Asker: 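What follows is a structure written as structure tokens; I'll ask about it next.
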Amino acid sequence: MGKILAKTRKHFTLKQKMPDFESNFRKKLLRWFRQNARDLPWRRNSSLYKTVVSEFMLQQTQVKTVLPYFERWMTIFPNFEVLASASVEAVVRQWSGLGYYARARHLHKTAQRFVQNPPRSYRDLLTCPGVGSYTAAAIASIAWNEPIAAVDGNVVRVLARVFNYSAIFTSKADAIAWTTPHAQKLLDKEQAGTFNEAMMELGAVVCTSTTPDCEHCPSQTFCKAFREHTVEVCPRFQPTPHFKKTVNRLWALRDEKLLLEPSLIGNKQLWELPELTEERKAQFRDLKEIFRAKRTVTNTIYTEVFYQPHSSMNENRSEAFFETLPFENCRWFSLQQLHTVALSGPHRRWIQQILRDEQQMAEAGTVP
Ligand code: SF4
């Protein structure tokens with residue numbers, strides 16, 4: 001009898017505690033968010049359109065990178081109608097530098113959907129191009145207060161720590177599958193959008209992966225990983241295999257004109273510095289490495305190495321010379337017109353960096 005009573009008491013205590021846990025968690029989180037939310041342009045005079053654009057831009061891109069693009073985007077494409085009627089080239093051009101260009105085309109098509117046959121729910125949003133369950137949940141909750149938890153990497157990290165999930169996530173999908181029911185249970189159904197934003201904000205600025213600020217965290221009293229001193233090892237992911245590849249590139253600058261080559265990224269043609277294949281490399285007797293950079297695409301780390309023909313050869317090797325080389329699809333672009341060219345994001349940054357380096361060397365009187 002004593003055992004049954006103890007069991008009943010335990011069950012009762014749990015039943016009592018859980019709603020307290022959930023409602024207290026919500027209260028503290030929302031109070032913290034009201035006081036600490038970052039002042040972001042899509043939160044000022046928020047609108048469905050701003051939410052949609054910001055959610056597309058924020059897919060796989062950090063807030064600080066998105067900010068200048070978002071501000072400029074709003075002046076050029078202030079609403080769904082203007083964006084939907086723009087050409088896809090104009091849309092991709094404005095996106096140039098943000099990377100993952102399929103997002104620009106998907107956003108363009110989604111804007112057309114909003115003009116012709118507007119989605120009105122989470123389910124409708126899932127039928128729009130480029131809208132997965134996270135983006136649909138974020139838009140539907142923020143714009144329409146639909147009670148769907150939005151789970152991204154930030155939310156996974158926060159909840160894995162709050163519940164001290166000690167197993168290893170085998171993939172991102174595995175982590176999201178584990179986190180979603182917990183997030184859905186904690187969600188404040190009356191303020192779904194604000195709650196989702198607060199969770200994401202907490203993961204982005206407090207419960208970060210490398211330097212979580214537990215001292216100032218509104219969820220500290222609920223956090224099992226904090227109590228059990230396992231924050232640094234939670235969550236755990238199975239390491240993904242990384243492949244390595246080196247790509248050589250040519251830096252050919254003649255009379256303030258730069259040689260570029262078209263590259264198909266997604267379904268879009270963007271311009272990049274020409275790849276220096278073995279066949280092309282064999283055309284030059286003397287090449288000098290001037291710059292190198294790394295980037296990761298899916299699970300491959302690329303080392304990009306940029307070569308310049310030696311300066312003594314630069315004098316002889318004019319544009320006409322390159323016409324005799326296997327650079328068939330390449331074109332010369334004046335440096336002044338580069339800002340209008342749809343360059344791939346990393347290449348735009350690298351070109352600016354190389355030009356800055358060259359200028360500094362010229363000012364210092366160093367021969368490049
Ligand atoms: S207490 Fe620390 S680990 Fe736990 S949720 Fe807050 S910041 Fe994250």
Side-chain angles (χ1 to χ4, degrees), residues 13-14 16-40 43 54-55 58-66 133-135 137-138 141-142 147-240:
T13 314
L14 266 179
Q16 261 201 335
K17 268 188 175 165
M18 277 314 282
D20 283 354
F21 172 87
E22 287 158 12
S23 66
N24 289 338
F25 183 94
R26 281 177 208 131
K27 256 190 245 158
K28 276 209 160 188
L29 179 69
L30 289 170
R31 191 186 312 136
W32 168 82
F33 186 60
R34 275 194 296 277
Q35 292 163 357
N36 295 282
R38 286 170 293 176
D39 176 27
L40 299 173
R43 288 180 180 160
S54 62
E55 288 303 332
L58 289 166
Q59 289 170 0
Q60 294 150 312
T61 306
Q62 291 187 336
V63 166
K64 69 173 189 298
T65 308
V66 164
S133 51
Y134 164 75
T135 303
S141 62
I142 295 168
I148 310 275
V151 177
D152 67 351
N154 287 322
V155 177
V156 166
R157 189 168 54 253
V158 170
L159 292 187
R161 286 171 172 171
V162 165
F163 294 103
N164 199 15
Y165 184 76
S166 58
I168 296 176
F169 290 126
T170 54
S171 63
K172 193 177 168 203
D174 177 35
I176 287 176
W178 175 84
T179 309
T180 301
H182 290 87
Q184 192 62 36
K185 208 156 176 232
L186 283 172
L187 182 72
D188 188 320
K189 311 283 187 296
E190 307 300 316
Q191 308 173 65
T194 313
F195 181 88
N196 278 337
E197 282 196 279
M199 283 292 284
M200 292 184 264
E201 187 92 344
L202 185 69
V205 303
V206 177
C207 192
T208 59
S209 60
T210 51
T211 52
D213 185 6
C214 300
E215 290 314 309
H216 299 103
C217 175
S219 305
Q220 193 204 80
T221 49
F222 309 95
C223 184
K224 207 168 165 209
F226 177 76
R227 282 199 303 279
E228 297 180 6
H229 310 292
T230 55
V231 173
E232 275 69 32
V233 292
C234 184
R236 290 192 297 161
F237 283 87
Q238 213 165 57
T240 48

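Note that ligands are numbered from 1 as they come in the structure, with each ligand's atoms numbered from 1 the same way. Note that the structure is a prediction, hence the values are computed from the model and not measured.
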Asker: Hey, which atoms in ligand 1 end up nearer than 4.0 Å to a heavy atom of Gln220?
Answerer: 1 (S)

Asker: Let me check your reading of the structure: within less than 2.8 Å of atom 2 (Fe) of ligand 1, is there an N/O/S atom from Cys223?
Answerer: no

Asker: Out of Pro212, Cys234, Cys207, Cys214, whose heavy atom sits nearest atom 2 (Fe) of ligand 1?
Answerer: Cys214

Asker: Output the distance between atom CD1 (Ile168) and atom CD (Gln238), rounded to the nearest 0.5 Å.
Answerer: 6.5 Å

Asker: Should the ring pair His182 and Phe163 be called parallel, tilted or perpendicular, given that the plane angle runs from 0 to 90° and is split at 30 and 60?
Answerer: tilted

Asker: Would you confirm whether Arg161, through its side chain, and Ala225, through its main-chain N or O, come within 3.5 Å as a donor-acceptor pair?
Answerer: no

Asker: For the pair Phe21 and Phe222, name the ring-plane relationship: parallel under 30°, tilted 30 to 60°, perpendicular over 60°.
Answerer: perpendicular

Asker: Any Lys/Arg nitrogen of Arg43 or Glu201 sitting under 4.0 Å from an Asp/Glu carboxylate oxygen of the other?
Answerer: yes

Asker: Using heavy-atom distances only, which candidate in Ala160, Cys217, Pro218, Gly203 approaches atom 6 (Fe) of ligand 1 most closely?
Answerer: Cys217

Asker: What atoms of ligand 1 come within less than 4.0 Å of a heavy atom belonging to Val231?
Answerer: 3 (S)

